[in-house]
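Presented below is the structure to which this report refers.
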Amino acid sequence: MQKTVAVLGGGIGGLSACYHLSKSPQVSKVLLLEGSGRFWGWLRSTRRQDGAVFEHGPRGVRPAGPVGWNTLNMVSELGLSSEVLPVPYDHVASKNRFLYVKGRLHRMPSGLGGVVRTVPPFSRPLLQSVLKELWVARGKEEDETVHAFVARRLGSELADIAIDSLCRGVFAGDCRALSVRSCFPPLFHAERSRGSIILGMMLGAGSRPAVTPSDLARRSRKESWAQWSLREGMQTLPDALEDALRHSERTQIHKHSCVTQLRSEGSGWEIKLEDGAMKADHIISALPAPALASLLPPAAQPLSLQLRGISMVTVAVVNLEYEGSVLPVTGFGHLVPSSEDKGLLGVVYDSVPFPQHNRTGAATTRLTVMMGGAWFQEAFGRPEDVTEQCLLDRATQAVTSHLRVTAQPVWSCVSLLKDCIPQYHLGHWKWLENIRLYISHHSLPLTLAGASYDGVSVNDVIFSGRQAAESLVGQA
Ligand SMILES: Cc1cc2nc3c(=O)[nH]c(=O)nc-3n(C[C@H](O)[C@H](O)[C@H](O)COP(=O)(O)OP(=O)(O)OC[C@H]3O[C@@H](n4cnc5c(N)ncnc54)[C@H](O)[C@@H]3O)c2cc1C
Ligand SMILES: C=Cc1c2[nH]c(c1C)Cc1[nH]c(c(CCC(=O)O)c1C)Cc1[nH]c(c(C)c1CCC(=O)O)Cc1[nH]c(c(C)c1C=C)C2
């Protein structure tokens, strides 16, 4: 098979697909088409001259499991092993996470003590809910909202506070609309196969892809890493991938190449750009699903409709830097349930897990306030109309009231990440099934990758790029 494959979208998903394609002799040409002027997608880091690093998108990656190893394998192949900043499980940032409920910070229960005792804001010991869960009958639905699933199995208090916050801290989404089957597949499959989340967690449920761990991945297991970042920030990863692709003879990478339309041509595609056109035998789309929907030809309207059903939310990210140590608690950060404040999702205490990203030689506190998500419009109005000052004020007010920090930040940066996290709403699995059936029934030379489908984490997205490439060329 000698063919030209075009990868649309130069975020981490598209870069990963290209990286794996570029290793295969079966593809004669790989084209990477990115609309903007850079190949980072949401992996964006500000590196200040004084050594400080601030993340505007992801800030920590989990090393565990096959998809975690897969990312570390790539990090190692790219020569970045010595750049990794690991955070072990026994680090305070791994042990302490907080919830801001009824105007107070509460450490999330952990360890045996946290499970057997009543720990506020909860009104009874976690153990009680866990023991009851073993006897709850299996659900009969093909899918359920995350909230309904957890309320049914573990009680409404855990669903209203803990799960509501968790969904905000991963999907910036509403657990009353998100699908348990697609957002938390291990929980869904645990109930399906073992009749209980707890038994499923203990005995294992569902299949896992086979990935051979590199030395770096093995090190992460030996040293019990809970998460990791990179010395110069997460953007180092797409930067290194771009560099590797520039050195690949069969790969052409194009920035400022916004795809405006896709047309079927023979057994392949004509790809219209703002200023020209290209041809490819096959397309891997690593675009957000609604963006791909708007490019497809009118004949593929049923597919466009399904893709458009996968909606995206906007998040405002405010990075703040304070002189000295200003936090009253130490840990990863805190989440805010929607019942407390819809628009304020949570605050990450970045200088706790990654003090290496502080200004050189200075004891500073770096925080990131995340706002909006599924509640953006309700809390702030249209993203186009919100001013940076309004977002900055809202973020600093939250830091003052949640963390009693009275000092003013010495540096700040406001980023509005428009349509940055896809929402896997109830029935997402069925949409995916229909989308994939349509593509195969119509023999469309199209493969999907990226955050819109099978997981939003950096690991999931990188793995989706690899799977898309391997579905075309087999394993390298
Ligand atoms: C605030 C935030 C915090 C996060 N935190 C974490 C975390 O801590 N840990 C973690 O694991 N994950 C985290 N994530 C999730 C993770 O970063 C994303 O899911 C992932 O980066 C998405 O990658 P992607 O390649 O699928 O999409 P994107 O990064 O959106 O890439 C898509 C690319 O397509 C391009 N494009 C769009 N339209 C066109 C077009 N017509 N033509 C050409 N190009 C086009 C875009 O410019 C973009 O570069 C976070 C995400 C956000 C937003
Ligand atoms: C407050 C908003 C957000 C915070 N992080 C994100 C949002 C929307 C985005 C995000 N965070 C994580 C992931 C990857 C998920 C994965 O499967 O690896 C994404 C897309 C990691 C994460 N962050 C928190 C949890 C519980 C997780 C899951 C993995 C893990 O347990 O480490 C909690 C959390 N996120 C934020 C805060 C303030 C916070 C808790 C204190 C910010």
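Predicted model, so just to flag it, every value in this text is computed and none were measured. Atoms within each ligand, like the ligands themselves, are counted from 1 in listed order. If you read the sequence from its start, that first residue is 1, and numbering goes on from there.
Of all atoms in ligand 1, numbered sequentially from 1 with element shown, those under 4.0 Å from a heavy atom of L33 are 43 (C), 44 (N). Shown in contact with C420 at under 4.0 Å from a heavy atom are these atoms of ligand 1, numbered in order with element: 53 (C). For ligand 1 and V458, the ligand atoms under 4.0 Å from any heavy atom of the residue are 10 (C), 11 (O), 12 (N), 17 (O). Remark: ligand 1 atoms within the under-4.0 Å shell around heavy atoms of I12 are 21 (O), 23 (O), 25 (O).
To the nearest 0.5 Å, the span separating SG on C413 from CH2 on W411 amounts to 4.5 Å. Note that CZ of F188 is 12.5 Å distant from SG of C183, once rounded to the nearest 0.5 Å. To the nearest 0.5 Å, the span separating CZ on R38 from CG on D239 amounts to 11.5 Å. Between the CZ atom in R181 and the NE2 atom in H428 there is a gap of 11.0 Å [rounded to 0.5 Å].
Checked against a 3.5 angstrom limit, the closest N/O atoms of G450 and ligand 1 fall outside it. The N/O atoms of H56, backbone and side chain alike, include none that comes under 3.5 Å of an N/O atom in ligand 1. At under 3.5 Å, not a single nitrogen or oxygen of N459, backbone or side chain, sits near a nitrogen or oxygen of ligand 1.
The part of A286 lying near ligand 1 is the backbone, judged by heavy-atom distances below 4.0 Å. Residue contacts with ligand 1 for L417 involve side-chain atoms from C-beta outward but no N, CA, C or O (heavy atoms, distance under 4.0 Å). Only the backbone of S257 comes within 4.0 Å of ligand 1, counting heavy atoms alone; no side-chain atom from C-beta on gets that close. Here L43 has side-chain heavy atoms under 4.0 Å from ligand 1, and that is the only part of it that gets that close.
For atom 16 (C) of ligand 1, the closest non-hydrogen atom of the protein is V456 O, 3.4 Å. With respect to atom 9 (N) of ligand 1, the closest heavy atom belonging to the protein is G60 O, 3.0 Å.
Contacts of ligand 2 (protein heavy-atom distance under 4.0 Å) are R62, R97, L166, R168, G169, V170, A172, F332, G333, H334, L335, L345, G346, V347, V348, M370, I421, V456, S457.
Not a single heavy atom of P422 sits less than 4.0 Å from an atom of ligand 1. Close to ligand 1: V461, with a non-hydrogen atom less than 4.0 angstrom away. Distances shorter than 4.0 angstrom do not occur between any heavy atom of L8 and any atom of ligand 1.
Applying the salt bridge (Lys or Arg N to Asp or Glu O under 4.0 Å) rule to K29 yields no partners; only residues at least two apart in sequence or on another chain are considered. With sequence neighbours excluded, the residues forming a salt bridge (Lys or Arg N to Asp or Glu O under 4.0 Å) with E384 are R382, K418, listed by chain and number.
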- Given salt bridge (Lys or Arg N to Asp or Glu O under 4.0 Å), test E34 with K255 step by step and report yes or no. CA-CA 5 Å; E34 164 57 39; K255 295 178 182 177; over 6 Å; no
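Between E321 and R366, none of the side-chain N atoms (NZ, or NE/NH1/NH2) sits under 4.0 Å from a carboxylate O, so this pair counts as no salt bridge. A salt bridge does not link E55 to R44: none of the charged side-chain nitrogens sits closer than 4.0 Å to a carboxylate oxygen. R59 and D350 are joined by a salt bridge, as a carboxylate oxygen and a charged side-chain nitrogen come within less than 4.0 angstrom of each other. In this structure, K102 does not pair ionically with E340, as no charged nitrogen and carboxylate oxygen lie closer than 4.0 Å.
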Please set out all donor-acceptor pairs under 3.5 angstrom arising from side-chain atoms of residues 369-377, sequence neighbours excluded.
none

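The nearest protein heavy atom to atom 47 (O) of ligand 1 is closer than 4.0 Å.
L245 is listed as a side-chain neighbour of S22, based on a closest heavy-atom distance under 4.5 Å.
For Y100 and H106, the gap between ring centers reaches or exceeds 6.0 Å.
Summarising the contacts of atom 36 (N) of ligand 1 with L287, V317, V170, the nearest heavy atom is found in L287.
Side-chain contact annotation: S76 with N73, donor-acceptor N/O pair under 3.5 Å absent.
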